[in-house]
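Have a look at the structure below, then the notes.
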Amino acid sequence: MNSLFDIDEPENDNTAQSNADLNNATSFNPLDEAVESIFHTTSSEESRINDSFSRKVPDTALRIPAPTFLDELNPEQRQAVETTDGPLLVLSGAGTGKTKVLTTRIAYIIQQRKALPWQILAVTFTNKASKEMKSRLERLIGGDAFSVWLGTFHAIGIKILRKFGDRIGLAPNFIVLGSDDQERLIKKLMQEAGIDIKKYTPATMLEIIQRWKDKGLLPEHVSSAHQSSFCNGQALYFYRQYQQKLRALNAVDFGDLLLLPLALFQQDASVLRQYQQQFKYILVDEYQDTNVAQYLLLRLLAKGHNNLCCVGDDDQSIYSWRGAEVENILSFQTIFPDAKIIRLERNYRSTGHILNAAAALIAHNTGRLGKTLKPIDSHNQGKRLSVKEYFNGNQEAEQIVEKINETYRAGGLLGETAILVRATFQTRLFEEKLLQAGIPYKIIGGFKFYEREEIKDAVAYLRLALNTNDDLAFLRIVNKPKRGIGKQAMEALEQTTAEKHISLFDAITWAPLRPAVRKALESFVTLIKRAHELTQTEKPADTAKLILEESGYIQMWQMDKSPESEGRIENINELYNVLEDFEDIESFIEYASLVTDTDENTTGDQLVVMTLHASKGLEFKTVFLPGWEDGLFPHQKALDESGDIGLEEERRLAYVGITRAKREVFISYAQSRKLYGQWINPIPSRFINELPEEDIDFKPLCSYNHFNGTSSQSEERYHSSSTFEDYFFDTRDESHSAERHRPVSRWDRESVSSGFETGFDSSPAQFVAPFFKSSSNKKSKRIGKRVRHETFGLGTVVREEGERLDIRFDSGELKKIMARFVELAE
DNA sequence: GGGTTGCCCGTTTTT
DNA sequence: CGGGCAACCC
């Protein structure tokens, strides 16, 4: 068997036993009260709510108004709400009201007194989604919404581990590691083992480990079928080491928040049984993005009452690269033979053209469950999708921003518009243009608040103040600000740590240290001890303020004269604000380790720019989809690494993008794009060809005067391009254009390695990949080399044709010179 | 111990 | 092109 968590195997003693127990479970269970008291003792606030609720059950239930909320549902939605018992899969297409179904379903279950709020488990993927669901549920049923077990998979996992983690050797105050801590850890392990970090990167190693965890596999469960050849097959060894290290630190990573509850359930059937009995109804959002570990968790928990309702859309599965298994949703009916399937196909969001185009696109994928989205107003098709070609990425950004500016100035709302890109680097251009145009905007998913260096550092100070055994926090800040602690000192500390089995912090007392270093470290110890006292007496925000000031950390940034330092101090002040909302530092740290971005909600009327991935679940009146170029979208790496599977996922991403729009879609691509400082010339995305002609309005660059019927300014705009590049591409030799659309991917390093000069940027030389592959396709050894000519002086080789070189001299002149007339200049 | 240079490499990223 | 990091030098 692939996993020891394979729940269909009866020989698994624990599971078999719990199965037997569960078959005896009834909908009313005298154990409920006991279970409740077990589950609600740590969080005082929550237990208060739950206790008062449980005492007032009949009252509260009666006070729930008649279910008028059912009247707001269409027949399919209503069916999805009323089919409460047994396994149910709700195939919910984009914009068909799945959140409404989920929240109404919870309300309905409670109203029908099929379960008490805390007997319902509702899991989402993002904090944002759970927040949204909680507030909508509150509108339906009031304060009871807070008693429902509603949260992300990871938040649920943490809750379970805090309570029962000790049964698998995890102290209740374990810390949750962020990705940087994880990487640091695995890197250290690999270096200690003498691995060439360059060749086998810690990030890749972590990814392999993560995939195992996603599959619910502990090191001892990794069979040959799951083995990895990475790093000469040593990945498993490092997985084992890594887990040991985590345990020694009393830490878990994100994967563990799913994996360890599984391990716990496997090891301690009584714990599993308690949860199985508690959760009478389980609801899952975004089921298409669950991984195997999540699936196993759900299956185990649902064995109690068998009321599992999964909502998802296989066409929107875009996270397989992170371990999500579309298979979970595709084979739902096989796994649960008595499962009902309900399709939600009435789309309340988009126009006919948008839905047609999206449907035609996604129809190119195989292995779908299949569904057809129908618009509410089938008579009005709306506007066709615009597909537009631009000279280059710069012009694309400029004109999209210009277009947005027009509607903005005409009184349109920015909040109804989004620019959705494939890769984060694309946001840079838009940011620049939006800034110039003075349009309020928000880039989502760029820098996460809690991933910023200064925030991580501040949190590390708090962590260490709370627990001096937190070696990772220690490592992060021991020399920040500089205290003169270097490699030598750290090695001494680590050695002492290893010998005496004590923390790095405690090792200071024993380690052999040079006097100056000892003095520095001892005052650090005093500082942290004082910080610890502060945590006992002061409020969290004041504690943080005092620690960061007394440690000299704030001063460190104040002294720093780099342009970001001011922002860093602002961020720390923002952190104090966040801390105001917390009773104690422990709960803040937990929050900080689970929440990735605080500022997911836009303030005021702002345009949003974000990746397609980040846009899932959102909707906008107008959506811009720039950069539809083969190599960028679909992304070359997805194609290279996963072939047709990768292509299909990219196509689903395109589907997600299009279906975000209510009214208008603007797809575009550029003939040239700057990548890694060099120009490349991609071809239009193959997805564009998959859009039905009757749903789109295609505007190629060369024929703008024929196609543009709406605005007379358009022509002028094309010619008033503001950059050298625009001008250059506008006037360049037309003989190249015939080659422009050759279906050759140019999104790789090879294709940009040869090129010729733009002719405008004299120094340093800028390269432009040709529209065609250079006649001699062999790689050139001379391009980019600095050379000296007797009369023209220094220059850079920009093109090579046998012995004939094109050289851009520093004077700005471009000349053809035979190689023998120049010498290499070093 | 700390600053500097030179080389490598570059998706997406709910938690 | 630019960030990150390791080797290298003061």
Going by an N to O cut-off under 4.0 Å, is there a salt bridge joining [X] and [Y]?
| X | Y | answer |
| --- | --- | --- |
| R652(A) | E649(A) | yes |
| R568(A) | D457(A) | no |
| D313(A) | K98(A) | no |

dT13(B) OP1/OP2 closer than 4.0 Å to side-chain N/O of T611(A):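 Checking dT13(B) against T611(A), a side-chain N or O does come within under 4.0 Å of OP1 or OP2.
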side-chain N/O K674(A) vs dG10(B) OP1/OP2, d < 4.0 Å: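 Negative; the distance criterion is not met.
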Per-pair stack call H613(A) and dT12(B), 5.5 Å, 30°: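 No, H613(A) does not stack on the base of dT12(B), since the centre distance and plane angle fail the 5.5 Å and 30° test.
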Quick one: [X] [atom1] to [N] [atom2], roughly how many Å, whole number?
| X | N | atom1 | atom2 | value |
| --- | --- | --- | --- | --- |
| I197(A) | dC8(B) | CD1 | C1' | 15 Å |
| H635(A) | dG10(B) | NE2 | P | 10 Å |
| F633(A) | dT12(B) | CZ | P | 13 Å |
| K128(A) | dT13(B) | NZ | P | 13 Å |
| M610(A) | dT13(B) | CE | P | 11 Å |

Let's see if you can work this out: which of [options] has an atom nearest to the side-chain heavy atoms of [X]?
| X | options | answer |
| --- | --- | --- |
| Y676(A) | dC5(C), dT12(B), dG10(B) | dG10(B) |
| A423(A) | dA6(C), dT13(B), dT11(B) | dT11(B) |
| T424(A) | dG10(B), dA6(C), dT13(B) | dT13(B) |

How is [X] classified with respect to the nucleic acid when contacts are heavy atoms under 4.0 Å: base, sugar-phosphate, or nothing?
| X | value |
| --- | --- |
| K213(A) | nothing |
| Y319(A) | base |
| A638(A) | base |
| Q294(A) | nothing |

Would you say the side chains of [X] and [Y] form a donor-acceptor pair under 3.5 Å?
| X | Y | answer |
| --- | --- | --- |
| N681(A) | S672(A) | yes |
| N173(A) | N250(A) | yes |
| Y655(A) | N365(A) | no |

Under 4.0 Å protein heavy-atom contacts per nucleotide of nucleotides 1-6 of chain B, with B for base, S for backbone only and - for none: SSS---
Within 45° cone of W321(A) ring axis and under 6.0 Å: K637(A) NZ or CZ: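 No, K637(A) does not lie over the aromatic ring of W321(A).
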Conformer about C1'-N of dT12(B) - syn within 90° of 0, anti elsewhere: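 You should classify dT12(B) as anti.
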Any N/O donor-acceptor pair, R422(A) side-chain to dT11(B) base, under 3.5 Å: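 No, no donor-acceptor pair under 3.5 Å.
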